[in-house]
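Encoded as structure tokens, the structure appears first; notes follow it.
All residue numbers refer to positions in the sequence shown, counting from 1. Quick note: numbers below take in every heavy atom, side chains included, and nothing from hydrogens, waters or symmetry partners.
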Amino acid sequence: MSRTLILIFHRDLAGSHANATLAEAVTDIRGVEIVDMQARYPDGRIDMMSDGAVEAAGLLEADRIVLQFPIHWYSTPALLKAWQDAVLTRMYYLNGDNEGARLVGTPIMLAITAGNDPGAYTREGQNYYSVDEILIPLKATAYRCGLPWHDPFIVYRADTLEAATRDDAARGYRRAIERFIGG
């Protein structure tokens, strides 16, 4: 059976509306494993060797990887950056031949929530840069690591969504994950 690993990087998943709803929408998809990374690393520290070994093993067992997180100040949450620094540095620079090389070819997809509406992520909008531009560091990381990039799933106005709109987003996320698995 194929395995899709969804790593959620949210400071307070239980207190989240959008990210928690998205996660709940895919929990029963066969072969999907969801990990609340904040619960795993509550102090935000990830040891490159011991924790990195556990994370590397999980990634190497996956057929697909999804990173789910809210955009924070035009970037990823701090824990996702700490995870990249510890796990990817270990896999690609310290153990490139037996970890990084084995991860090459594993498709990656992002599921992100943004607090503003789509129009804010334009040259004329409040944020000036598009979400696609904000994601360039992650695209570069995927390229460097040899992870085929899939179009991200994006939920806008995540902080203020009405319940019905949140439910629509959850159904859309489920369809996106099912396509990712099937494709």
Closest approach of [X] and [Y], non-hydrogen atoms and distance?
X: Arg45; Y: Asp51; result: O-OD2, 4.0 Å
X: Val104; Y: Cys145; result: CG2-O, 3.5 Å
X: Phe69; Y: Pro77; result: CD1-CD, 3.6 Å
X: Ala82; Y: Gly44; result: CB-O, 3.9 Å
X: Pro70; Y: His10; result: CG-CD2, 3.7 Å
X: Ala169; Y: Val155; result: CB-CG2, 4.0 Å

Does [X] reach the main-chain N or O of [Y] with its side chain, forming a donor-acceptor pair under 3.5 Å?
X: Glu99; Y: Gly96; value: no
X: Ser75; Y: His72; value: no
X: Thr21; Y: His17; value: yes
X: Asn95; Y: Asn98; value: no
X: Arg166; Y: Ala18; value: no
X: Arg3; Y: Val32; value: no

Partners passing side chain to side chain donor-acceptor pair (under 3.5 Å) against Tyr41 (at least two apart in sequence or in another chain):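 Side chain to side chain donor-acceptor pair (under 3.5 Å) list for Tyr41, sorted by chain: Glu55.
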Run the numbers on Thr165 and Asp168 for side chain to side chain donor-acceptor pair (under 3.5 Å), then give the verdict. CA-CA 5 Å; Thr165 307; Asp168 286 344; 5.3 Å; no
Counting only heavy atoms not in [X] (residues, nucleotides, ligands), do more than 12 fall under 6.0 Å from its [atom1]?
X: Tyr92; atom1: OH; result: yes
X: Glu24; atom1: CD; result: no
X: Arg123; atom1: CZ; result: yes

Supply the atom-to-atom distance [X] [atom1] to [Y] [atom2], rounded to the nearest 0.5 angstrom.
X: Leu7; Y: Leu59; atom1: CG; atom2: CG; value: 6.5 Å
X: Asp36; Y: Ile6; atom1: CG; atom2: CD1; value: 12.5 Å
X: Leu135; Y: Ile154; atom1: CG; atom2: CD1; value: 6.5 Å
X: Asp117; Y: Gln126; atom1: CG; atom2: CD; value: 8.5 Å
X: Leu138; Y: Ile108; atom1: CG; atom2: CD1; value: 7.5 Å

Going through the checks in order, is the side-chain contact (heavy atoms from CB on, under 4.5 Å) test met by Ile65 and Thr4? CA-CA 6 Å; Ile65 301 163; Thr4 301; over 6 Å; no
A side-chain contact here means heavy atoms from C-beta on lying under 4.5 Å apart; do [X] and [Y] qualify?
X: Leu60; Y: Leu103; answer: yes
X: Thr141; Y: Leu88; answer: yes
X: Val26; Y: Ile34; answer: yes
X: Leu22; Y: Thr113; answer: yes

Is there a path of hydrophobic side-chain contacts, each under 4.5 Å between heavy atoms of I, L, V, M, F, W or Y residues, that connects [X] with [Y]?
X: Ile136; Y: Leu67; value: no
X: Phe153; Y: Ile181; value: yes
X: Trp149; Y: Met91; value: yes
X: Met37; Y: Ile112; value: yes
X: Val54; Y: Met49; value: no

Check step by step if salt bridge (Lys or Arg N to Asp or Glu O under 4.0 Å) holds for Lys139 and Asp132. CA-CA 9 Å; Lys139 287 181 178 182; Asp132 194 55; 2.4 Å; yes
Walk me through whether Asp12 and Gln38 qualify under side-chain contact (heavy atoms from CB on, under 4.5 Å). CA-CA 7 Å; Asp12 178 18; Gln38 190 66 49; over 6 Å; no
Determine, stepwise, if the pair Val35 / Leu5 fulfils side-chain contact (heavy atoms from CB on, under 4.5 Å). CA-CA 8 Å; Val35 180; Leu5 181 61; 3.9 Å; yes
State, without any angle test, whether Arg64 and Thr106 hold a side-chain donor-acceptor pair at a distance under 3.5 Å.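 Per modelled atom types, Arg64 and Thr106 side chains form no pair under 3.5 Å.
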Is there a donor-acceptor contact under 3.5 Å linking the side chains of Tyr173 and Gln68? yes
Would you call Glu178-Arg30 a salt bridge at under 4.0 Å N-O? no
Between Asp85 and Lys81, is the closest basic N to carboxylate O distance under 4.0 Å? yes
Go through it in stages, so that I can follow the logic: the residues are Ile46 and Leu79, the test is side-chain contact (heavy atoms from CB on, under 4.5 Å), and I'd like the CA-CA distance, side-chain angles, deciding distance and then a yes or no. CA-CA 9 Å; Ile46 302 173; Leu79 183 59; 3.9 Å; yes
List the steps and the verdict of salt bridge (Lys or Arg N to Asp or Glu O under 4.0 Å) for Arg174 and Asp28. CA-CA 10 Å; Arg174 184 179 179 91; Asp28 65 341; 2.6 Å; yes
Look at the aromatic rings of Phe180 and His150 and report parallel, tilted or perpendicular, splitting at 30° and 60°. perpendicular
Strictly under 6.0 Å, is that where the ring centroids of Tyr156 and Tyr121 end up?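 Distance test on ring centres: under 6.0 Å, yes.
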Centroid-centroid distance, Trp83 to Phe9, less than 6.0 Å: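 That pair passes the under 6.0 Å test.
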